[in-house]
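Just so we're clear, the structure is a prediction, and the values are computed from it rather than from any experiment. Whatever order the structure lists ligands and atoms in, that order sets their numbers, starting from 1.
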Amino acid sequence: MHTGEQALAPGAAVLRGFALGYARTLLAEVERIAECAPFRFLTTPGGYTMSVAMTNCGLAGWVSDRTGYRYDPIDPLTGRAWPSMPESFLALAREAAARLGFEPYHPDVCLINRYEPGARLSLHQDRDEKGYVDPIVSVSLGLPAVFLFGGARRADRPERIPLGHGDVVVWGGPSRLRFHGVMPLKEGHHPLLGRKRINLTFRKAL
Ligand code: SIN
Ligand code: FE2
């Protein structure tokens with residue numbers, strides 16, 4: 001098992017295995033959340049269907065449709081508020097952020113991504129939030145993936161970082177607006193999640 005901290009850039013690091021002790025609890029919460037706010041394939045403003053299925057918990061959720069990207073306090077699929085953020089999610093996110101000195105941290109949204117083999121996320125910045133003072137905390141569960149950690153400009157060649165079950169990536173401060181993405185997920189089988197990867201990203205969005 002990998003443990004320890006791998007620095008990526010100022011304000012950014014991989015915390016190897018940081019979420020391992022939380023994994024079963026987090027996954028049980030994800031199941032509960034998905035019963036109220038099902039995973040769905042969002043449409044981009046350009047008319048494409050994303051290959052990653054998404055849902056959210058917290059005070060708002062990140063959604064995309066033909067009109068653009070936004071944080072919405074109401075789930076457009078159900079017409080109801082998103083499920084609240086579980087205490088275990090908050091505790092883990094705060095602990096991880098604190099490792100890099102980002103304290104206090106009050107994320108109000110957790111975007112939940114579900115990848116199956118072939119699903120990918122192209123290079124993007126997380127910039128739909130109100131401010132960029134607070135870091136992004138990203139938790140990987142299930143099948144391994146290759147995370148792309150780029151620079152401040154889209155053209156900057158990204159570093160390829162393998163992420164496994166329980167790894168946490170934090171990017172904030174001078175790295176908060178770095179481009180990032182995920183390479184197409186490889187086929188595989190994970191003992192807890194089968195053919196899936198679940199990623200939680202915490203943000204202070206509102
Ligand atoms: C994201 O950029 O929202 C997700 C990153 C990941 O799945 O590792
Ligand atoms: Fe992102």
Side-chain angles (χ1 to χ4, degrees), residues 6 8-9 11-19 23 26-27 30 33-34 39-42 44-45 48 50-58 60-64 68-72 82 85 89 92-93 96-97 107-132 134-154 156 158-172 175-186 188 190 193 195-205:
Q6 178 188 343
L8 294 177
V14 184
L15 308 175
R16 293 285 173 200
F18 194 80
L26 300 177
L27 290 172
V30 168
I33 290 164
F39 282 102
R40 79 288 309 262
F41 295 98
L42 296 171
T44 66
Y48 291 99
M50 297 182 74
S51 59
V52 178
M54 297 179 172
T55 186
N56 293 270
C57 66
W62 186 85
V63 291
S64 172
Y69 309 118
R70 67 182 185 279
Y71 283 99
D72 199 322
W82 299 92
M85 175 119 52
F89 278 34
L92 170 62
D108 45 21
V109 170
C110 177
L111 170 63
I112 307 173
N113 293 318
R114 187 189 70 199
Y115 298 74
E116 294 189 1
R120 62 189 288 270
L121 202 57
S122 53
L123 274 185
H124 66 277
Q125 291 169 298
D126 292 353
R127 51 181 302 165
D128 300 321
E129 299 72 29
K130 274 244 168 70
Y132 309 126
D134 294 281
I136 304 290
V137 171
S138 161
V139 179
S140 292
L141 298 166
L143 283 182
V146 177
F147 183 63
L148 300 170
F149 189 67
R153 293 165 308 171
R154 185 179 291 280
D156 295 335
E159 201 179 326
R160 293 175 173 222
I161 298 151
L163 293 181
H165 180 70
D167 290 346
V168 177
V169 188
V170 179
W171 62 98
S175 292
R176 173 64 180 73
L177 287 175
R178 290 268 193 147
F179 278 86
H180 59 279
V182 178
M183 298 273 290
L185 198 77
K186 289 226 173 89
H190 186 272
L193 275 163
R195 285 175 81 247
K196 288 199 281 284
R197 171 178 187 256
I198 296 283
N199 171 263
L200 313 176
T201 52
F202 294 90
R203 306 97 192 278
K204 172 91 182 83

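Near V182, with a cut-off below 4.0 Å to any heavy atom, the atoms of ligand 1 are 5 (C), 6 (C), 7 (O), 8 (O). Proximity to H180 (heavy-atom distance under 4.0 Å) selects the following atoms of ligand 1: 2 (O).
Side chain of S51 to main chain of R120: a donor-acceptor pair is present (N/O by atom type, distance under 3.5 Å, no hydrogens or angles). Between the side chain of R197 and the backbone N or O of P144 there is no donor-acceptor pair closer than 3.5 Å. Although no hydrogens or angles enter the test, the distance criterion places no donor-acceptor pair under 3.5 Å between the side chain of R203 and the main chain of I136.
With hydrogens left out, the protein atom closest to atom 1 (C) of ligand 1 is L121 CD2, 3.5 Å, a heavy atom. Among protein heavy atoms, the minimum distance from atom 7 (O) of ligand 1 is reached at Y115 OH, 2.6 Å. Ranking protein heavy atoms by distance to atom 5 (C) of ligand 1, first place goes to N199 OD1, 3.7 Å. Nearest protein heavy-atom contact of atom 8 (O) of ligand 1 is R197 NH2, 2.9 Å.
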- [ ] Applying side chain to side chain contact (heavy atoms under 4.5 Å, CB included), run through V170 and F18 and close with a yes or a no.
- [x] CA-CA 11 Å; V170 179; F18 194 80; over 6 Å; no
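In this structure, R114 forms a cation-pi arrangement with F39, its terminal cationic atom sitting closer than 6.0 Å to the ring centre and no more than 45° off the ring axis.
By the criterion of a heavy-atom distance under 4.0 Å, neither the backbone nor the side chain of L163 is placed next to ligand 1. For R203, every heavy-atom contact with ligand 1 shorter than 4.0 Å involves the side chain, none the backbone.
A heavy-atom distance below 4.5 Å is not found between the side chains of M54 and I112.
Using the six-membered ring where Trp is involved, H180 and F147 have ring planes that are tilted, between 30° and 60° apart.
The Fe ion (ligand 2) lies at the vertex of an angle of 90° between the NE2 atom of H180 and the OD1 atom of D126 (rounded to 10°).
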